Amino acid sequence: VFEPIGFDAFGIHSENYALKVGVHPMELIPRNVANFRRQLERAGLMVDWRYAVDTTTPEYYKWTQWVFLQLLEKGLAYKKQAAVNWCPFDKTVLANEQVIGGACERCGTLVEQRLLEQWFFRITDYAGRLLANLDTLDWSEGTKSAQRNWIGKSQGAEIAFIVQDVMEYAGSAMATAGQSGELTAKAIEIRVFTTRPDTIFGATYLVLSPEHPLVSTSATDDQRKEVAAYVARSAKQDLVSRKTSKEKTGVFTGGYATNPATGQPIPIWIADYVLMEYGTGAIMAVPGHDERDHEFALQYDLPIVRVIANETHTAEAPIGDAAFLETTGCHLVNSARFNGLSVSEGMSAIVTELAAKGAAIPVVNYRLHDWCISRQRYWGPPIPMIYCDACGAVPVPEDQLPVLLPALEDFRPDDSGISPLERATEWYHTTCPSCGAAARRETDVSDTFLDSAWYFLRYPSTDRDDVPFGDAMTRKWLPVHSYIGGNEHAVLHLLYARFVTMVLHDAGFIDFEEPFTRFRAHGMIVREGAKMSKSKGNVVNPDDYINEWGADAFRTYLMFLGPYEEGGDFRDKGISGVKRFLDRLWRSVHDARTEGALDADVQRKLHQTIKKVTQDVPRLSYNTAIAAMMEYMNAMRSDERTPHVAEVTPLVQLVSPFAPHIAEELWSLLGNATSVFDSRWPSYDEALTIEDRITMAVQVDGKTRGTISVPRDVTQEQAMEAAMADQSIAKFVVGVPRKIIFVKGRMLNIVL
RNA sequence: GCCCGGGUGGCGGAAUCGGUAGACGCAGAGGACUCAAAAUCCUCCAGCACGAGAGUGCUAUACGAGUUCGAGUCUCGUCCCGGGUACCA
């Protein structure tokens, strides 16, 4: 087993902490890393420190920059001006994944929208694969489902609605209905995305997002002023209030488009409930069968038509006060030649027919957005790009990596949207790698999640400075066979790491495309029933507990207090049970006898315990493994019995992964010259785990009425005889049993 | 709203295939040892009813149905808690 560890200490969280305590991160981070390492070693963490990584060292981020260049080369990294999430407190942009309910995931400040030039990774190109591969991964179900939702695949169609006779007039365009154009009249199309093409006969109006490029084109002269005012108002409104308030507002453009299914003109509206970021930024509104459209139609008095019905509805049945959303067992009505088709038949028939006319194409849409990796902050790996007036954006050549992060005294971010790195003038002004002329460096640093999106590839090769990862070692140890982390990384780290791994696979650097074959999300440990938080002051500081109880009791208790994947409740008093167990182990070994016979019952319990622990550990069932060892301890010491050396020795080995310090000491005391961790894991004999007499439950009519002690391989007849011999059972058996259920070695049920 | 988890004694939690519900531990009660305390060791500990007692019976895994000889476990419905996500068309 190769188990390394690393420190990912770039990023806003570290930088903010540095600002708070007033120490430069270049000084602070190594100090904190040293403290973490001290605590981990003190707690007995057994990892291979020779292969540790620290993402803030030039030896590491050289290769983070290299990863960026690989994406750039493949056309998967690009810079664009876009409306991005801006955190006014942290003074930087954030990825969509870092915005939680409209607020910054780090500081909780409400996020604003800003139009800025940013670097993006084309993770959307991989949306289909990122989704499909999930089915092949042995991951916690909750984590997979969070990724599925985030990627958000929607199957549907893009449909074109034609707006006739849009006239060029005085340098702007306008649309008028039912008027043949003389001068420069032309037709334009508005494309919408829908997952319900079957309802197109019920599309009674179109809605454009206020940011839609055709907004002004669609507006007629008499509506122009009103439309412009509405668009201006919604542009001023920030993203958060627009997303949190469910109030729908809108304005009629005056224009009409033709519904390609009915051939009828329908009005074009602009409304804030349609988002520019998703689909085409325009929708066909079907108020009969969509909640939002229904609400809007009621508010603005737009027609509502039923096109989907179940057996109880007639085609004329009104929709009522809520949209009709059912689909199973429903059929199409008011849909001309498609009437009577089921919803799914209707979908494909309508798309096929519209597609033949060139008015529709089947489309898959994803909710996932490209990954914004630019950060206008100091504490991160500089993005290795140089801007030259003659050559444009030029990547830093690989042999000039790393682009070192300059030691900048005042690294405080400001509100300008420009990274503090611009103030490192000597660093900022450089020469163009391509033409040698004066040039400027990119001042943004990359998102910390890029550091952690590939670090697992680095571990086996930390001794190499000529390559990010060596072939032989990578093949030997990767992909990661067992990965454990918090579920809060489901749509962050775990998604980005999968994406970067796929890209590196496609570029031919590695021969696998999924980084983690098995992933388990650990649970959350709460303290006396409450979430731990610094502000509440109820966090568990390992140093205090190790001082009071010892490292072994502390770590064994952490594994005992609850199921690993569900977390548990850390209670200060609970640790005493584990401490008592370890004390008993200590005394048992010290007092162990070498003479006298072994007890058959204790031997059986020993083999059962070895079996149980051996099976529980790979399943992460640490709490039950520890419980089993406690049971064995109780059996070994029952009736004030003194355990034999042969009985305690294997227990010391079983305990060693949980309480390594005590185990090592006791192992030595037992006369071993080498480490307990170099000894063979104890084995068990299946035959010796089996009890020869068992206690079998006897039920009468399914109710347990007693137990009988019988040989393990008892037959039904013998069991019946034993059961009837027991008065407390026999008294319930009146008359002749109708049926006898006998499960060998388990139970007997007498049915009357 | 939707998607994942989850709901078992005073508490944390066990029950791997549908087969004795409550392992193991905490807290609690009683006892031994001790001048005393700590530590250690022993006994009891789901609830209710009946019984002097050994014990006996009934009820219990959020709630209500169902399947089954038998359900904490499977199916359907409802409620509650935790997490994720959301004008995503």
Side-chain angles (χ1 to χ4, degrees), chain A residues 100-102 140-150 152 154 156 192-196 199 207 242-248 271-275 277-286 290-293 295-296 325 365-368 487-488 490-491 521 523-524 526 528-529 531 557 560-563 565-578 580-581 583-584 587 612 615-616 619 621 623-631 633-634 637 639-640 695-707 728 737-743 745-752:
Chain A
I100 310 295
S140 300
E141 202 39 58
T143 312
K144 289 209 261 189
S145 120
Q147 285 209 357
R148 283 194 191 102
N149 289 338
W150 187 259
S154 291
V192 304
F193 173 71
T194 179
T195 54
R196 293 293 305 278
T199 62
V207 188
R242 182 167 158 195
K243 282 204 166 181
T244 44
S245 112
K246 300 275 174 191
E247 292 283 297
K248 294 178 179 55
D272 58 359
Y273 79 96
V274 174
L275 307 175
E277 312 94 78
Y278 187 76
T280 61
I283 61 152
M284 63 176 211
V286 184
D290 181 280
E291 276 180 287
R292 296 151 303 178
D293 298 342
E295 190 192 326
F296 191 78
L325 303 174
N365 242 310
Y366 293 98
R367 222 186 60 112
L368 186 69
N487 211 21
E488 70 273 15
V491 298
M524 187 170 62
V526 298
E528 314 276 345
K531 218 174 188 167
Y557 178 55
F560 181 65
L561 59 74
E565 291 177 66
E566 284 164 43
D569 194 3
F570 191 104
R571 289 178 178 268
D572 287 8
K573 279 186 172 161
I575 197 169
S576 60
V578 170
R580 278 199 270 267
F581 165 70
D583 284 346
R584 274 195 280 258
R587 287 198 304 273
K612 174 89 176 137
Q615 289 176 348
D616 279 355
R619 296 192 314 155
S621 298
N623 55 336
T624 52
I626 294 165
M629 290 188 281
M630 287 172 166
E631 279 188 63
M633 172 73 71
N634 293 344
R637 293 170 64 91
D639 300 326
E640 301 183 43
T695 307
M696 182 179 270
V698 181
Q699 303 183 336
V700 179
D701 275 339
K703 277 193 174 155
T704 305
R705 294 302 185 180
T707 57
S728 60
R738 240 178 352 113
K739 195 170 164 189
I740 291 163
I741 312 261
F742 178 69
V743 183
R746 284 207 175 266
M747 51 77 64
L748 177 73
N749 187 6
I750 301 162
V751 186
L752 299 175

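Protein chains get the first letters and strands the later ones, always in sequence-line order, with residue 1 at the start of each. What you see below is based on every heavy atom in this structure, not just the backbone, and it leaves out hydrogens, waters and symmetry mates. Not measured: the values here are computed from a predicted model.
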Below 4.0 Å: OP1/OP2 of B/rA89 and any side-chain N or O of A/Thr280: no
Pairwise side-chain contact, A/Val578 with A/Met630, heavy-atom cut-off 4.5 Å (strictly under): yes
More than 12 heavy atoms of other groups within 6.0 Å of A/Glu291 CD: no
Pairing of A/Arg292 and A/Asp290 as salt bridge, 4.0 angstrom limit: yes
Range-with-range stems for RNA chain B, at least three Watson-Crick or G-U pairs under 3.5 Å: B:1-7 with B:79-85, B:10-12 with B:24-26, B:28-32 with B:40-44, B:46-50 with B:55-59, B:62-66 with B:74-78
Review item, nucleotides 29-31 of chain B N/O atoms under 3.5 Å of protein N/O:
none

Pairwise N/O distances under 3.5 Å, protein to nucleotides 5-11 of chain B:
unit_1: B/rC11; atom_1: O2'; unit_2: A/Arg571; atom_2: NE; d: 3.4

Torsion-based syn/anti label for B/rG55, 90° from 0 as limit: anti
Donor on one side chain, acceptor on other, A/Thr143 and A/Asn487, under 3.5 Å: yes
Shortest non-hydrogen contact from A/Met284 toward A/Asp293: O-OD2, 4.0 Å
Interatomic distance, A/Phe560 CZ vs B/rG25 C1' [rounded to whole Å]: 4 Å
Polar pairs (N or O, both sides) under 3.5 Å between protein and nucleotides 47-50 of chain B?
none

Length of the CD-P vector between A/Gln615 and B/rC17, whole Å: 12 Å
Nearest-angstrom distance from the residue atom CG of A/Asp272 to C1' of B/rC87: 9 Å
5′-ward residue of the pair A/Gly568/A/Ala146 relative to RNA chain B: A/Gly568
A/Asp583 CG - B/rC41 P separation (whole Å): 9 Å
Nucleic acid footprint by protein, nucleotides 64-69 of chain B - heavy-atom cut-off 4.0 Å, B for base, S for sugar-phosphate alone: -----B
Syn-anti status, with the boundary at 90° from 0, for the nucleotide B/rC17: syn
Residue-phosphate contact under 4.0 Å: A/Arg196 side-chain N/O, B/rC88 OP1/OP2: no
Separation of atom CG in A/Asn487 from atom P in B/rU85, rounded to whole Å: 10 Å
Donor-acceptor contact present, side-chain A/Tyr557 to main-chain A/Arg571, <3.5 Å: yes
Sugar-phosphate only, base, or nothing, as touched by A/Glu640 at under 4.0 Å among non-hydrogen atoms: sugar-phosphate
Phosphate contact (B/rA14 OP1 or OP2) by A/Asn623 side-chain N/O below 4.0 Å: yes
Sugar-phosphate only, base, or nothing, as touched by A/Thr707 at under 4.0 Å among non-hydrogen atoms: base
Non-hydrogen side-chain atoms of A/Met629 and A/Phe560 separated by less than 4.5 Å: no
Comparing A/Gly279 and A/Asn149 on RNA chain B - which has the more 5′ nearest nucleotide: A/Asn149
Touch class at under 4.0 angstrom, heavy-atom based, for A/Arg367 against every strand present: base
OP1 or OP2 of B/rC41 under 4.0 Å from side-chain N/O of A/Arg584: yes
Separation of B/rA89 P from A/Met284 CE (nearest whole Å): 13 Å
Touch class at under 4.0 angstrom, heavy-atom based, for A/Asn634 against every strand present: sugar-phosphate
Identified side chain to side chain contact (heavy atoms under 4.5 Å, CB included) counterpart of A/Lys739 within the set A/Asn749, A/Val751, A/Ile750: A/Val751
B/rU59 versus B/rA21 - spacing of their C1' atoms, nearest Å: 13 Å
Presence of A/Ser154 side-chain N/O under 4.0 Å of B/rA89 phosphate oxygens OP1/OP2: yes
Residue-phosphate contact under 4.0 Å: A/Arg292 side-chain N/O, B/rA86 OP1/OP2: no
Sugar-phosphate, base or nothing in reach of A/Arg148, heavy atoms under 4.0 Å: nothing
Sugar-phosphate, base or nothing in reach of A/Ser576, heavy atoms under 4.0 Å: sugar-phosphate
Polar side-chain contact A/Lys248-B/rC87 base: donor and acceptor under 3.5 Å: yes
Ion pair check, A/Arg619 and A/Glu565, cut-off under 4.0 Å: no
B/S/- contact track for nucleotides 53-60 of chain B, protein heavy atom under 4.0 Å: ---SSSS-
